[in-house]
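Computed from a prediction, not measured in an experiment: that's the story for all the values here. Chain A is the first sequence line, chain B the second, and so forth, proteins listed ahead of strands; every chain is numbered from 1.
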Amino acid sequence: MKRLTISIVALFVGLAASGQLSNDDVLVRALQDEMDRSLAELQLENEPLPYFISYSVQERKSSTLTYVLGAHDGTNSSLVRLLNVVVRVGSKQLDNTNFLLLEATPDQLNEMGTPHVLPLTDDYDELRRSIWIATDQAYKEALVHYSAKTSAIANQTTAERVNDFSEEEAYQYVDERIPLGLELDQLANLARQVSEVFRGRSEVFSSYATAFSSTTKRTYLDSEGNFHRYSFELCNVRTHASTQTSTGAIVKDGTSALTRDCSRLPKIESLQADAAYMAEHLVDQRQAESLEAYTGPVFMESKAAAEFINQALSGLLVAVPVPMTASPQLNTQIQNIANQMVHRIDTRVFPRNISIVNDPTIDEYRERLLMGSYAVDSQGMPSRRTEMISKGILKNLLTTRSPVAELASTTGSHRGMPIPLPGNLFLQTERGVSQESILEQAIQIADSNGSDFALVIRKIANTQEIEMAHVEMSEMVSATMEGNVAVLPAIHVVKLYPDGREVPVQPMVIVDFVPGHFRDIVATTSQTHHHDVPASPLSGLNVLMAMIRGPGALSGYDQIYSSIVTPGLLIEEMSLRIASGQMPRLPFAPHPMADE
Amino acid sequence: MKRYICYALLLQLLLLGTATATELDALDVMFREVQRSMKVLKRHDEAPYYISYEITEDVAATVSGAFGKATSRNFIVSRYLDIDLRLGDYSLDNTHPLRGGLSELSNGPATTPIEDEEALRTTLWLHTDVAYKQALTQFTRVKSAVQSSVRPVFRVGDYSPYPVRKFSEAKVELDADFEHWRDKIQQYTEPFSEAEFIQDNYAYIFGDVETRWFVNSDGSRILVSKPYYRLVIQATTKADDGMEISLERTFDASTPNKILQDEQVMSAVRSMIEDLHALRVAPLVEPYTGPAILSGRSTGVFFHEVLGHRVEGHRQRLLDEAQTFHSQLNQRLLPRSFSVVFDPTEGSFDGVELIGGYKYDNQGVEAQRVVVVDRGTLKGFLMSKTPIMGFYRSNGHGRKNYGYPVVSRQSNLFVEIRNPHTRDELEAMLIERIKEQGKPYGLYFADVKGGFTLTARSMPNAFNVNPLMVYRLYPDGSKELVRGVDLIGTPLTTFSRVEAGADDYEVFNDVCDAESGQLPVSTVAPSILISQIEVQKTESSRSIPPILPSPVSRIDGHSGSRADSER
């Protein structure tokens, strides 16, 4: 493992803290000057001044090109510089945040936290003008929320309140490296060549390849002396393909080659090989058996295990303050869908041989970049190692600067969403065994249950690689609202028989899995692997918070990724059912190329 | 600077690549696939009697800016496929309107490549199958509904045949120079940065080449390619009472050079700043009824909303539509001096380009001139291939944006006046009406930004025109700028009060949003006198102005600067 190289330019540290940044940095000077003026003078009569202001600027250049069977399908390329402003009024004990304004119209909700467009060029006056208007708007929104919140508190009997904003030490971070991303012609070549893999495969009904590149320069400044500036790039070459089984079920699959360093994208031959493998597997899936329901031992290979940990567990490892409203009834309902793990700290939630650590400060794992690495979070807080689960005992949850119960400090996990997100999650096990022996164990458990096979899951869908139908996403949201762990369909599933024979089955969905079932992990492999996944911390409250953009919520511009390093997992008993979804008739006409 | 040059070069490379690749005869590939689909699907119980494919490619670039600085740029290439697949026959098909639900559903747009035969045919095949399955479901519902209804909803059929058309023109390339556009946006918005009372400013240059490939199972094959460039400049101020006041100027043409005419644009910018400054202190108008003159641009929008949407053919079919003019055929709607014509074949008027024109509509029908009102009498409707009682043939107004079903839509609307008055005569007539009606003043609607109208039965059948510049015109001939009103009314009453028109024709180009998506439309109309109109207070944000003064102080004597506003 390799740690992030944090390069802090000493000159900036003192200057940023004192508000005397280098004169040639026009953007920072404009932000600082407007912040100073607003802190001193931005006040409506009989209303408080802001006690906290933060500015976050992202200058983002991005391009996406899509190709189908080697032919250009679409291009989208843009350059924009956006400003997000957070203004807090009141005090850290009680401020305008963490309150849902029920009377807000959909338009008002949309406006809250919506970024403001800044000039692309560093013109001090025009930057000041934009920052002035954005700050004014954020202050007025903050006053509306603060007034409604204080009124609601006065009219309700509330449990003991925790502070709204944590005390933290100021932190400055500057990394002057400028990544370049990939240009349009490079992206076009990648997407075209990868998409050509699907040519001539008439059994694959639909396919495309997308090449994406973005570079973002981020500048953050707040009234507590936090400052950071760094640039980053993202490159991704994705494929997606779908077909239908002989019974009509739609099966789909995808690949994703994702990196924070575009020069380290896999070679084209490797990307094509992955796409070709996926296409072949998809065609095999057309003949897969359908298994209506299953309850018994399940072995998840590490890629599936990583997605399972990401989708099923990471949402439980974050602490989200329960927002209040002016409606006591609604407050009770919101409390009911809050993450109950906050009350389970220091209790056993996993088998005793498993520990989980979140560590975004680690840069690489086995010479591959981890996508969940970062030096500083979106609130200017340094990333840090956090021990989440130690020998099965829950020790901590990830937090932002919005305290939750006893979790009064941030873990540096604000990654641009209103909820904390994990960076790199490492699932560590003390007694790993070989994959062969774990499969034997699975068969033994199945046998003891009276079943002649166990299930092996090789891949669980994620939203990055697979286009999910609306019904599939709705099912997930419903499951989380009911307190179940929601996971997208397992798309590579095989029945494993005692003689080693494998029989593919059609996509299945994990059902009735509750957090307590994590203790049913009975064995892990000794080998661990790293997988990058779209961060998706689903739980009831997280879904609610994601749907309702709170004041000052920082809009993410790119998909946010986590990395999961995990062994394969054997779960003693798990229930699955065949994935629901569309079952249209097979195409009435033969594929045009097959027809000839 | 370097970044822009680099980007422009790459863009040109990509466009060149696209141009080379489009040497594939996409129309031929599409036609072969439509024939194959007809042949294969004929073997099934319900065979399509008609299939059309339309691929719409947009190559579009945008540069945005505000207060003298560029703020973003964007470049998009998209290709969308729309399929119209019909089961049954012309008299009754799967698109037949059902009570309580729309059956004329679109399958939604699907992206598609166009440069490669395998890629194109695979996409067509896949989405034809989706369209066929959807049509089967729709047609089952339609047949069931028709069998169980007491009488058929319509006796005129659901579709009409049209002769085969073949047309192909060279694909136009987008002429987008990001660096030049950035300079222009900065130049055109710079004056707003010097007027402190301007709270918000936004401008963009947009270039788009829309190329459409259309084939149908009858044998039509059409390729049309149309460039469209637009400059939009918008600025907003706040009056002391909190009312937000916005003005917008647009320039539309088929080449970028025609919209980037410095003298013309800078003059408009100066005028916007002066008008906004004047509007800030202009008195508010209370609800009022009385005589008014609409300028040519205002008349155009007025006719677009009041008449244009109500003569769209499909509205005479749908049961939830009010069908205002359905029974007015061959009856007088307007004074005898008035005629209203829709003509998508016209490309310009008096040197100003019209954006509502096209060569072929989205059903493969050539654009046609349609006289809707002849010497005051209603004579016809805008028709797609969906028939209505008495009108069984398309007149080339079946339009849509990609992803939407075709309905009849407006194109270039011309209000023509026989024996027109001069503008001065119209004003004199207005003053007469003011005196006759005992009103303190009349209104003059100098410019408008747009409007909307409600045509359904479930709501009041009303229209609303949103003015930008309105004046009170007093009996002594003096004018006073006012703010805060919308022109409202109901169509038949308001039309009955249209009295006379002048000879000062003006063009209004804009984008109209309705059931079949956003489409460019134009109006050409003169000032008109209406003996009685009604205005209501306009909806506007009343949030207080910024608490702190602007951090940018450039007091240089420019009209509307802080010094001016303090005076």
Please classify the contact of [X] with chain B as side chain, backbone, both or neither, using a heavy-atom distance under 4.5 Å.
| X | result |
| --- | --- |
| A/Glu34 | side chain |
| A/Asp73 | both |
| A/Leu586 | backbone |
| A/Tyr139 | side chain |
| A/Arg81 | backbone |

B/Asp28 bridged to B/Arg32 by N-O distance under 4.0 Å: yes
For A/Leu118, run the side-chain contact (heavy atoms from CB on, under 4.5 Å) check against A/Leu31, A/Leu82, A/Leu27, A/Val80 and tell me which one passes. A/Leu27
Over 60° means perpendicular and under 30° means parallel, so tell me whether A/Tyr67 and A/His72 are parallel, tilted or perpendicular. tilted
Please state whether the side chain, the backbone, both or neither of [X] comes within less than 4.5 Å of a heavy atom of chain A.
| X | result |
| --- | --- |
| B/Glu33 | side chain |
| B/Leu548 | both |
| B/Ile185 | neither |
| B/Ile547 | both |

Highest number of heavy-atom pairs under 4.5 Å with chain A: which of B/Asp58, B/Val40, B/Leu120, B/Thr122?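 When all of B/Asp58, B/Val40, B/Leu120, B/Thr122 are compared, B/Thr122 has the most.
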Is it the case that A/Arg238 places NZ or CZ above or below the six-membered ring of A/Phe212, under 6.0 angstrom from the centre and within 45 degrees of the axis?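 Negative - A/Arg238 is either too far from the ring of A/Phe212 or too far off its axis.
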Taking the ring centre of each residue, are B/Trp125 and A/Phe205 less than 6.0 Å apart?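 Close enough - the centres of the two rings lie under 6.0 Å apart.
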Carefully, step by step, assess A/Arg37 and A/Glu41 under the rule salt bridge (charged side-chain N to carboxylate O under 4.0 Å, His left out). CA-CA 6 Å; A/Arg37 181 171 81 131; A/Glu41 301 172 33; 5.1 Å; no
Looking only at A/Ser130, A/Pro587, A/Gly74, A/Ser195, the option with the highest number of non-hydrogen pairs under 4.5 Å against chain B is A/Pro587
Top residue by heavy-atom pair count (under 4.5 Å) with chain B, among A/Thr64, A/Leu42, A/Ile133, A/Thr135? A/Leu42
Is there a donor-acceptor contact under 3.5 Å from the side chain of B/Glu118 to the main chain of A/Gly200? yes
Would you say the side chains of B/Tyr53 and B/Ser37 form a donor-acceptor pair under 3.5 Å? yes
